[in-house]
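Structure first, commentary second.
Below, chains carry the letters A, B, ... as their sequence lines are ordered, and counting in each starts from 1. Bear in mind the structure is a predicted one, so any value in this text is a computation, not a measurement.
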There are 2 protein chains.
Amino acid sequence: MATIEDVAKLAGLSRTTVSRVINDQPYVTEEKRQRIIQAMNDLGYVPNSSARRLRSQRTETIAVLLPRLTNPFFGNLIEAMEEKASEWGYQVIVCQTHDSKKKEMDYLQLLKTKQVDGIIMASLVNDWEVVEPYLESGPIVFCNEYMDESCIPMVHMDHKQAAYEATVHLLEQGCKQIAYVTGGPESHLSKERRKGFTSALSEYNLPFIEDMTIDWAMDVSDGQKVFHMISNEFTQVDGIFTGSDEVAAGLIYEAASSDWRIPDDLAVVGFDNQMLSLLMVPSVTTIEQPVKQMADKTVEVLIQQLLHPGTLPAQKYVFPHQLLIRNSTKRKKLSIQ
Amino acid sequence: MATIEDVAKLAGLSRTTVSRVINDQPYVTEEKRQRIIQAMNDLGYVPNSSARRLRSQRTETIAVLLPRLTNPFFGNLIEAMEEKASEWGYQVIVCQTHDSKKKEMDYLQLLKTKQVDGIIMASLVNDWEVVEPYLESGPIVFCNEYMDESCIPMVHMDHKQAAYEATVHLLEQGCKQIAYVTGGPESHLSKERRKGFTSALSEYNLPFIEDMTIDWAMDVSDGQKVFHMISNEFTQVDGIFTGSDEVAAGLIYEAASSDWRIPDDLAVVGFDNQMLSLLMVPSVTTIEQPVKQMADKTVEVLIQQLLHPGTLPAQKYVFPHQLLIRNSTKRKKLSIQ
DNA sequence: TTGTACGCGTTATCAA
DNA sequence: TTGATAACGCGTACAA
C-alpha cells in the first residue's frame, strides 16, 4: 500500500506538495505537478480514506434509518436517496431498525462514533428526548416520520389529511362500517392517520369502533388474515381503510376465493401507490406519495446542513399527496343511483 | 468531543489503560477499571471510529454493488445482507450501479481507498480483467452474477437450468413460437439463461428466432410495451419467456384489456417469484430463487475471508431453484386432451 | 513556490 | 499491572 510519503520520495518532493496536488490546491509548478502525478500512477497510489477522515473529521457518509427494505416504499425511498447522495459524493449506509428501539439507538450511535456525518430517520420508534442528544454529534433529518416537539428539519406529507380524504371517499361510496387496519408501531405518523380517519367519520356522524381496528397488519399475508377475520367475525364491515397497498392486496386476493365482492360488499383503500395496487384485479384505490421528491429534498436538506452548518431553519417540508380512485372502491350501485 | 486522553486525565491514569478497558483486555485492576468506566460515563466518551480505522486498518464496513433497488429482487437481497452483516457488527453501504461500467468502477474504488473491508458484487457489467486488480485491496464475492474465468467465491443459482426448465414447461403446454424477453446488459448470467432457453428449444427441434427476442424489458411498463409489440407485430407468438416477474405482470395487465387470453393464446413465465407474481390474475408461473439463503451465504463467505484470510477456497455455491407452475401457463385445452 | 513539523485519536510495543 | 512512546496516513500552520 503506497502512502503519500512514498509518492513524495519517488517524485523527490515533500508530502506537502503531493498533498497539494491531491487536493487540487494552487502553488505547485506545473512541472512538479506532473512529476507527482506520474509518481502516483507508477505506485498505484490512492489516498487512504481512514486517514483523511481522522484528519478532516468528515466521513462523507450518511446513514439512512428505516424499518425494513422489504416494504417497497422504503426501497424506493432509499434508492432515490442513494442516487442523490452519490451526486454529492456521499456514501449511504442502510440501517434497518425493524421497528426496534434498541436497533434504532444502535444505529444512532454511528453519529456519535463519527462513522457518519449525518443521519436520515425514516424510522422513528424512540421518543424525541432520547434522540435529541445525538444532535450534538451531527445533523438529523426526519423523512416520512415526524414529530411536532422536535426542532429539526422534517420532510413528509400530510398523513392526517390523506387519511381523511381516503375515508371520506369510502363514506361517499356509501360505506357505513369502516374497519381501520394499520401496522407497525404507534408512531406519530400513524396517530396522524388515525386522526384523519376519525375526523372523517365524525363528520358523517359515525363513531370510531375500537373493535374494528387491527394494528398488526403490515404485508400481503397479514392482509389475507385480515380478510378472514372480517369475513368470519365482522361481517357487517363494508369498507376498509388500510395503511398499505400490500395489506390491501392480500385482502383483495383472498376475497377473490370467497363470495365477497369488491368493492360492492367491501370497499378497500390502500396507501403508497405501489405498482401492485395498479395491477391487482380490481385495482386498488390508494394514496400517491411523491417518494422521489421527498427523498431528494431530504438528502438536500441534510447535505446543506453538513456543508453550511446553522444556515438552515428547522423547517417542515410538506409534500402534496393524491388520492387515486380505482376499482377497489368505485361502486357501481352508486353510479346508478 | 471527549477523547481517550480526556478520560485518562479524569481517571488519573494513562491512555493505554483506558484503551485496555475499552477493548476488554486483561491486566487492569477492577478498581481502576471502575474508575475509568466512571470517567467515560461522566464525559460521555465514545471511541472515535476514524481513529480506530486508521490504527487497525479495518473499517468493519462492506459495500454491496447492485444495479438498482427498485427491482425487488435486489431489495430483498440487500435486506437480508444487511441483517446478516449487522449480526457480525458490519455496516453495509448501498451502491447502485444502474448497470453503468463507470459507476461500478467508482464503487470498486471504495475498496482501494479503504472505505470498506470487502465488496459483494450483485452487479457485474465490467470485464473480469478490470475487476481483478481490486482483489489486491480486499476480498470480493459475487452474488447472483457470476463469471467462470474469475477465481473468487460465487453464490448463485443455475440460471441456465432454470431457464431450460421454464422453457420446457412452455413447450409442454403446447407453445410453438416462444418469444425471449430479457433486460439489462448482456451479463454472463443472462447468457446462461439464454443457453438454457435455446437448448430447450432445440430439444424440441425448434429454432431460436432472433426476431422474437427483446432485450430491453426490465419493469412493468416495459412489459406493457412488449405486449403491444407482440399483439401488433408478432401475432404468431404463443408463449413468452421473461426474465422478470415485473415484465410478466405488465404483459398480463395489458393483455387483460385486449382479446388475447392468457394462457391459452399466450403463456407467460416470469422470474424471481415476487409477491406480484402470485397476486396477478392470472397468477404468474415463475422461478423461485432462495434469496435469503443466497444473501446469508454471501455475507458469511465474505466475512469469513475478512476474519480468516486465505482459508477459503474460491468455491462456487450453487443454490437450488424451483419452477412454480401457476395459471399464466396452465392451459385448460391441454388438460382436456 | 516549497518544505518542516505537528496533531487528528487510537492501539501496539516495550520497558518499568 | 501500568505507562511512555511510536506508529497509522494525511492535512495544514508556519517558516523559509
Side-chain angles (χ1 to χ4, degrees), chain A residues 1-37 39-40 43-61 89 109-117 137-138, chain B residues 1-37 39-40 43-61 89 109-117 137-138:
Chain A
M1 229 6 22
T3 75
I4 200 173
E5 178 78 49
D6 301 329
V7 177
K9 272 191 191 139
L10 184 58
L13 292 162
S14 77
R15 286 207 299 274
T16 315
T17 311
V18 178
S19 176
R20 287 209 182 88
V21 172
I22 295 170
N23 298 296
D24 276 321
Q25 284 169 17
Y27 304 128
V28 183
T29 341
E30 191 48 34
E31 180 252 325
K32 306 207 165 155
R33 182 181 299 275
Q34 287 310 326
R35 233 161 73 200
I36 288 171
I37 289 174
M40 295 202 300
L43 292 168
Y45 168 79
V46 177
N48 178 305
S49 139
S50 303
R52 288 191 128 169
R53 286 176 179 225
L54 178 57
R55 182 61 236 221
S56 66
Q57 308 282 33
R58 298 185 317 104
T59 66
E60 308 201 307
T61 304
Q109 281 286 338
L110 293 176
L111 199 54
K112 265 204 176 165
T113 59
K114 302 287 176 207
Q115 299 206 52
V116 301
D117 294 337
S137 312
Chain B
M1 230 4 25
T3 75
I4 200 173
E5 179 77 49
D6 301 329
V7 177
K9 272 190 191 141
L10 184 59
L13 292 163
S14 75
R15 287 207 300 270
T16 315
T17 311
V18 177
S19 174
R20 287 207 183 88
V21 172
I22 295 170
N23 298 294
D24 274 323
Q25 286 168 16
Y27 305 126
V28 184
T29 342
E30 190 48 34
E31 179 253 326
K32 307 210 165 155
R33 182 181 300 274
Q34 288 309 325
R35 234 161 72 201
I36 287 171
I37 290 175
M40 295 201 302
L43 292 169
Y45 167 79
V46 177
N48 179 305
S49 139
S50 303
R52 283 191 137 168
R53 286 177 179 226
L54 178 57
R55 184 58 236 212
S56 67
Q57 309 281 33
R58 298 185 318 104
T59 65
E60 307 201 308
T61 305
Q109 280 287 338
L110 293 177
L111 199 54
K112 265 203 177 167
T113 60
K114 302 286 175 208
Q115 300 206 52
V116 300
D117 294 335
S137 311

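For the pair Met1(B) CE and dT10(C) C1', the interatomic distance rounds to 15 Å; values are reported in whole Å. In this structure, Gln57(A) places its CD atom 6 Å from C1' of dC8(C), rounding to the nearest Å. Lys114(B) places its NZ atom 14 Å from the P atom of dC8(D), with the value rounded to the nearest Å. Separating the CD1 atom of Ile4(B) from the P atom of dT5(D) is a distance of 17 Å, rounded to the nearest angstrom. In this entry the distance linking CZ of Arg58(A) with P of dC10(D) reads 16 Å, nearest Å. Spacing between atom CD1 of Ile22(A) and atom C1' of dG9(D) amounts to 10 Å, rounded to whole angstrom units. For the pair Gln25(B) CD and dG3(D) P, the interatomic distance rounds to 14 Å; values are reported in whole Å. dT1(C) atom P lies 14 Å from atom CD1 of Ile36(A), rounded to whole Å.
Remark: the Thr113(B) side chain and the Arg52(A) side chain contain no N/O donor-acceptor pair separated by less than 3.5 Å.
At the heavy-atom level, Pro47(A) lies under 4.0 Å from the strands shown only through sugar-phosphate atoms. At a threshold of 4.0 angstrom between heavy atoms, the contacts of Thr3(A) are confined to the sugar-phosphate backbone, with no base atom among them. Within the 4.0 angstrom heavy-atom criterion, base atoms lie near Arg15(A). Residue Val46(B) is classed as a sugar-phosphate contact, given heavy-atom separations below 4.0 Å to backbone atoms only. Using a 4.0 Å heavy-atom distance criterion, Glu31(A) is classed as making no nucleic acid contact.
Judged by distance alone with a 3.5 Å cut-off, a donor-acceptor contact links the side chain of Arg55(B) to the base of dA7(D). Counting distance only, with no hydrogens placed and no angle test, the side-chain atoms of Arg20(A) and the base atoms of dG3(C) include a donor-acceptor pair under 3.5 Å. Thr29(B) contributes no side-chain N or O that forms a donor-acceptor pair with the base of dT2(D) under 3.5 Å. A donor-acceptor contact under 3.5 Å is not formed by the side chain of Ser19(B) with the base of dA12(C).
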What do the steps show when you test Ser19(B) against Thr16(B) for side-chain contact (heavy atoms from CB on, under 4.5 Å), and what is the final call?
-> CA-CA 5 Å; Ser19(B) 174; Thr16(B) 315; 5.6 Å; no
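Listed candidates were dG9(D), dG3(C), dG11(D). Nearest to the side chain of Thr17(A) is dG3(C). Considering only the side chain of Val28(A), dT2(C) comes nearest among dG3(D), dT2(C), dT4(C). For Arg52(A), the side-chain atoms get nearest to dC10(D) when compared with the rest of dC10(D), dG3(C), dT2(C).
Here Ser14(B) contributes atom OG and Glu5(B) contributes atom CD; the two are 9.5 Å apart, rounded to the nearest 0.5 Å. Note: Ser50(A) OG to Arg55(B) CZ = 12.5 Å, rounded to the nearest 0.5 Å.
Considering only side-chain N and O atoms, Asn23(A) lies under 4.0 angstrom from the phosphate OP1 or OP2 of dG11(D). For Lys32(A) and dT2(C), the shortest distance from a side-chain N or O to OP1 or OP2 is below 4.0 Å. For the pair Tyr27(B) and dC14(C), the criterion of a side-chain N or O lying under 4.0 Å from OP1 or OP2 is not met.
If you run side chain to side chain contact (heavy atoms under 4.5 Å, CB included) between Val21(B) and each of Val7(B), Ile37(B), Ile4(B), only Ile37(B) comes through.
Contact of the Met1(A) side chain with the Asn48(A) side chain is not registered, since no non-hydrogen atoms from C-beta on lie closer than 4.5 Å.
If Leu54(B) and Leu13(B) are placed on DNA chain D by their nearest nucleotide, the residue sitting closer to the 5' end is Leu13(B).
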